[in-house]
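Shown next, in structure tokens, is the structure this report addresses.
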Amino acid sequence: MGKNNYFCSQLQAYLSCDMILVMGAYINKGNSSFRDIVTHEYVDKSQLIPLINATLNSENRYSCVTRCRRYGKSMAAKMLCAYYDKSCDSRELFAGLKAEKDPSFKTYLNKYYVLLVDMTDFTTKYRKEKDIVKRIQSRIINDVLNAFPQIDAQDDDDLMDILYHICESTGERFFMIIDEWDAIPREMGSDEYITTSYVDLLRRLFKGSGSDTVFAGVYLTGILPIKKYNTESALNNFREYSMIYPGKLAASLGFTHGEVETLCQKFGMDLKEMERWYDGYRIGDESHVFNPYSVMRAINDNYYRSYWSTTGAYDSVKTYIQMNFDGLKDDIVRMLAGEAVPVNTTGFQNDMQAVNSRNDVLTVLIHLGYLAYDRDTNQCYIPNKEVADEMNNAVNATEWKQLAKALENSQHLLADTIAGNEQAVSQAIDIAHDEHTSILAYNDENSLACVLSIAYIWAKNEYIIHREYATGKGYADLVMIPRRNVAKPALVIELKFNHSADTALDQIKRKKYPSKLSEYTGDILLVGISYDKEKKQHTCKIEKVCHPQL
């Protein structure tokens, strides 16, 4: 006991000196990574810091923040490391940022020993090794002992033992960050030994009796929330902030509409094109959230295109969408046509190896970023053109011919509509109706508009398409405005149920033009489509006007 007391007093005296803490691969990493970020074009996301500060040294100190790839998770992790790491002085890096204005900023600035571990480093290096978890623990222990050589570790000490010894001796605590925490269960989840070993390591660190002594805070990032076992999470002391339930962290990752608008003004980019390509996510209370990686790539390249193929989730998407779950393929077609479909996200076990239903597939795609989620309606949808293009590629790669046929038919339908070929349009809508009777009751305005959306799915390449519901029962509108540099007329399409096509045209005229056309000055086609329920046939009338004044 006397020897231990002597050791502790000597260690405390050593650490109380104005020493430079030894930098390591995982501990005392400093602020150089964040410095590289803020010295380039940096969108201030430091509002995350006060939110995490509010959880420190409390029962809420364990946070797991999950978003799809390229959403700024690693940048946020580097920012937190720079802020909390006591091995450096980061005041200048945060000068003028949002976090600096918060009362808690000075309280926790460079306050803790920080451990920052990126799990993808290990999955890349030790992917084929059965004892990858032992490798992880050994590498971190060696790094920590190198930074604290006075610790006399025992042979049977694990990582938690080492950290506890340091905290007990110094009176200091750690802030631990695990970036891409779910890389192992995501990429190696089929091996039960590996996943069990990994979960045991995390439990030992974050649910053991000494956890609250060792950690002032813990911050995990990933794509998937923590896996559920039966109805409980393996680490149920973590507060989770996901694509579906982001809590107060909704605006802390991803770009908001205001942030993108500022970037567009600064760099001369077209905000409407940014919205078309990269907007569409609803994260909690944030109704317009953009993929930050794609926005910055578009600015750097001065070109709008899909950067989604670099995210690495493509093969998984192909696997999921070709699963033969009832209604899944029809849902994909509907969403590619711009529709939203209902989803129940509560049953998914947060395990990519345990996808057992249509709802599981849709929930995985939400977490991967291929779908957006509207919590007010419990529906999911494809958020933007970037993702729609990649979803199209994924569907085509499955050799699923239904979509290819729908796209071909849709291209002919648009050409026939513009040419005024009423009979061909009627027949094409008949085909679209027949192909999707499994998902459409076809007796209300929503299902009528849905079949039109699917029939005109190809038109999304050349038109901005708006759904406008009228006040009566049994009909619905599509308003299609040509994109810039598309020399085609606008379309106002109305479908009537058990009424004539002439009635549909009259309905458009009585209502006058939808608000979406208030500033449009080009040619317009009025398209009235009727459906006879008994004959199961459509008829069509097309009328051209040269200006938006009836």
What are the two closest heavy atoms between [X] and [Y], and how far apart are they?
{"X": "Ser211", "Y": "Arg204", "answer": "OG-O, 4.3 Å"}
{"X": "Ala77", "Y": "Ile177", "answer": "O-CD1, 3.6 Å"}
{"X": "Ala250", "Y": "Asp285", "answer": "CB-N, 4.4 Å"}
{"X": "Pro292", "Y": "Gly254", "answer": "CD-CA, 3.8 Å"}
{"X": "Cys264", "Y": "Met274", "answer": "SG-CG, 3.5 Å"}
{"X": "Ile52", "Y": "Ser63", "answer": "CD1-OG, 4.1 Å"}

Using atom types as modelled and distance alone, determine if a side-chain donor or acceptor of [X] lies under 3.5 Å from a backbone N or O of [Y].
{"X": "Asp182", "Y": "Leu224", "answer": "yes"}
{"X": "Trp181", "Y": "Tyr219", "answer": "no"}
{"X": "Lys385", "Y": "Arg305", "answer": "no"}
{"X": "Thr195", "Y": "Glu192", "answer": "yes"}
{"X": "Asn142", "Y": "Ser138", "answer": "yes"}
{"X": "Asp161", "Y": "Asp158", "answer": "yes"}
{"X": "Tyr293", "Y": "Arg69", "answer": "no"}
{"X": "Arg67", "Y": "Tyr241", "answer": "yes"}
{"X": "Gln47", "Y": "Ala251", "answer": "yes"}
{"X": "Tyr320", "Y": "Val355", "answer": "no"}

Answer yes if the side chains of [X] and [Y] hold a donor-acceptor pair under 3.5 Å, and no otherwise.
{"X": "Asp389", "Y": "Ser306", "result": "no"}
{"X": "Asp85", "Y": "Tyr113", "result": "no"}
{"X": "Thr120", "Y": "Asp118", "result": "yes"}
{"X": "His257", "Y": "Glu275", "result": "yes"}

Return the [atom1] to [atom2] distance between [X] and [Y], rounded to the nearest 0.5 Å.
{"X": "Met391", "Y": "Glu386", "atom1": "CE", "atom2": "CD", "answer": "12.5 Å"}
{"X": "Leu93", "Y": "Cys88", "atom1": "CG", "atom2": "SG", "answer": "8.0 Å"}
{"X": "His367", "Y": "Met352", "atom1": "NE2", "atom2": "CE", "answer": "10.0 Å"}
{"X": "Asp179", "Y": "Thr221", "atom1": "CG", "atom2": "OG1", "answer": "3.5 Å"}

Inspect the surroundings of [atom1] in [X] and state if more than 12 heavy atoms from other residues, nucleotides or ligands are less than 6.0 Å away.
{"X": "Lys98", "atom1": "NZ", "value": "yes"}
{"X": "Asp156", "atom1": "CG", "value": "yes"}
{"X": "Met296", "atom1": "CE", "value": "yes"}
{"X": "Phe325", "atom1": "CZ", "value": "yes"}
{"X": "Lys101", "atom1": "NZ", "value": "yes"}
{"X": "Asp376", "atom1": "CG", "value": "yes"}
{"X": "Asp374", "atom1": "CG", "value": "yes"}

When the ring centroid of Tyr278 is compared with that of Phe255, is the distance short of 6.0 Å?
no

Centroid separation Tyr112 to Phe215 less than 6.0 Å
no

Test ring-ring contact (aromatic ring centres under 6.0 Å, His included) on Tyr71 and Tyr281; report intermediate values, then the result.
CA-CA 11 Å; Tyr71 237 72; Tyr281 294 98; 5.7 Å; yes

For residues [X] and [Y], determine if any side-chain heavy atom of one lies less than 4.5 Å from a side-chain heavy atom of the other.
{"X": "Ile283", "Y": "Met243", "answer": "yes"}
{"X": "Phe238", "Y": "Leu202", "answer": "no"}
{"X": "Asp212", "Y": "Tyr62", "answer": "yes"}
{"X": "Glu261", "Y": "Gln265", "answer": "yes"}
{"X": "Tyr126", "Y": "Ile136", "answer": "no"}
{"X": "Met188", "Y": "Tyr198", "answer": "no"}
{"X": "Phe175", "Y": "Lys111", "answer": "no"}
{"X": "Cys380", "Y": "Leu365", "answer": "no"}

Determine the sole option in Glu41, Met269, Lys266 for which the side-chain contact (heavy atoms from CB on, under 4.5 Å) test with Ile299 is passed.
Met269

In this structure, which one of Glu100, Lys86, Arg91 forms a side-chain contact (heavy atoms from CB on, under 4.5 Å) with Leu109?
Arg91

Please lay out, stage by stage, how Asp44 and Ser46 fare under the test side-chain hydrogen bond (donor to acceptor under 3.5 Å, both in side chains).
CA-CA 6 Å; Asp44 183 1; Ser46 66; 2.7 Å; yes

Go through Tyr83 and Asn53 one step at a time and tell me if the side chain to side chain contact (heavy atoms under 4.5 Å, CB included) criterion holds.
CA-CA 11 Å; Tyr83 173 72; Asn53 282 350; 3.1 Å; yes

Show, in sequence, the C-alpha distance, side-chain angles and deciding distance for Asp143 and Arg139, and conclude whether the salt bridge (Lys or Arg N to Asp or Glu O under 4.0 Å) test is met.
CA-CA 6 Å; Asp143 199 53; Arg139 289 285 299 273; over 6 Å; no

Quick one: do Asp191 and Lys130 satisfy salt bridge (Lys or Arg N to Asp or Glu O under 4.0 Å)? Show the steps, please.
CA-CA 9 Å; Asp191 191 314; Lys130 192 80 168 177; 2.9 Å; yes

What class does the angle between the rings of Phe174 and Phe148 fall in, given that below 30° is parallel, 30 to 60° is tilted and above 60° is perpendicular?
perpendicular

Report the relative orientation of the aromatic rings in Phe94 and Phe34; use parallel for angles under 30°, tilted for 30 to 60°, perpendicular for over 60°.
parallel

So which pairs with a foot in residues 22-38 pass salt bridge (charged side-chain N to carboxylate O under 4.0 Å, His left out), sequence neighbours left out?
Arg35-Glu92

In chain order, what residues pass the side-chain contact (heavy atoms from CB on, under 4.5 Å) check against Asp301, with sequence neighbours excluded?
Arg297, Tyr303, Tyr307

Verify side-chain hydrogen bond (donor to acceptor under 3.5 Å, both in side chains) between Tyr26 and Asp121, making sure each step is shown before the conclusion.
CA-CA 11 Å; Tyr26 311 109; Asp121 289 343; 5.8 Å; no

Evaluate Lys134 against Glu129 for salt bridge (Lys or Arg N to Asp or Glu O under 4.0 Å), listing each step before the verdict.
CA-CA 10 Å; Lys134 289 182 179 179; Glu129 295 199 21; over 6 Å; no

